[in-house]
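Structure first, then comments.
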Amino acid sequence: MTVVMPEAVRQVKTALPDLRAQQIGALRRIVAAYLDLWHMTGLAEAAVASVTELLANAVQHASGECELLMRELEDGLLVVVTDFSPEPVIFPQAAPDAESGRGMSLVHALTDEMGVEYTPVGKQVWFRLARSSGPLA
């Protein structure tokens, strides 16, 4: 099963064949720039934080080979990060003093909907934000 792709208003997709952690900051700015271009700045804070987490997971757990898709929808935004690792997504319960392990919980809290779809070559981790989400929407 794959992510159901609703009809897009606009979208951008990029292959990131060798993503490194130090490149994620530039991608954060690119995501924010597209949201500004699409008049979706009210979603930027949640989208940028969530994209950062999904890309960081791709670097850490999938050797950095991934794709990023951002799709503007009539009612909001769909973001999909595809990686090519068969390893499942883990939703750990982080200890209060742990320095990591809260990322997917953060994405879940910031987004209106999220999920994982496994494919024959890896997985797609996705989230949706409604236009009414975020402090400035």
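Just so it is clear, the model here is predicted, and its values are computed rather than measured. Side-chain atoms are counted along with the backbone in the values below, which use heavy atoms only and exclude waters and symmetry mates.
A donor-acceptor contact shorter than 3.5 Å is absent between the side chain of R28 and the backbone of I24. Under the 3.5 Å distance criterion, the side-chain polar atoms of R131 are matched with a main-chain donor or acceptor of E74.
Residue L35 comes nearest to A47 through the heavy atom pair CD1-CB, 3.6 Å, listed as atom of the first residue, atom of the second, then distance. Between W38 and M70, the closest heavy-atom pair is CH2-O, 3.6 Å. Contact record, L43 with L129: O-CD1, 3.9 Å, taken as the closest heavy-atom pair. Contact between W126 and V116 at its shortest, heavy atoms only, is NE1-N, 3.8 Å. Minimum interatomic distance between L110 and A49 (heavy atoms only, all atoms of both residues): CD1-CB, 3.7 Å.
Rounded to the nearest 0.5 Å, atoms CE (M40) and CG (L37) are 11.5 Å apart.
Looking at V12 and I30, their side chains never come closer than 4.5 Å, going by heavy atoms from C-beta outward. Taking 4.5 Å as the limit, some side-chain heavy atom of L16 sits within range of a side-chain heavy atom of L68.
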Enumerate, atom names and distances included, each donor-acceptor pair closer than 3.5 Å involving a side-chain atom of residues 75-87, sequence neighbours excluded.
residue, atom, partner, partner atom, Å
D75, OD1, R128, NH2, 3.4
D83, OD1, S85, N, 3.0
D83, OD1, K123, NZ, 3.0
D83, OD2, K123, NZ, 3.3
S85, OG, E87, N, 3.1

Only distances under 3.5 Å count here; give the side-chain donor-acceptor pairs of residues 54-64 to other protein atoms, sequence neighbours excluded, each with its distance to 0.1 Å.
residue, atom, partner, partner atom, Å
N57, ND2, E53, OE2, 3.2

Between V125 and M104, is a side chain to side chain contact (heavy atoms under 4.5 Å, CB included) present by the stated rule, with each step listed? CA-CA 10 Å; V125 185; M104 293 305 289; 3.9 Å; yes
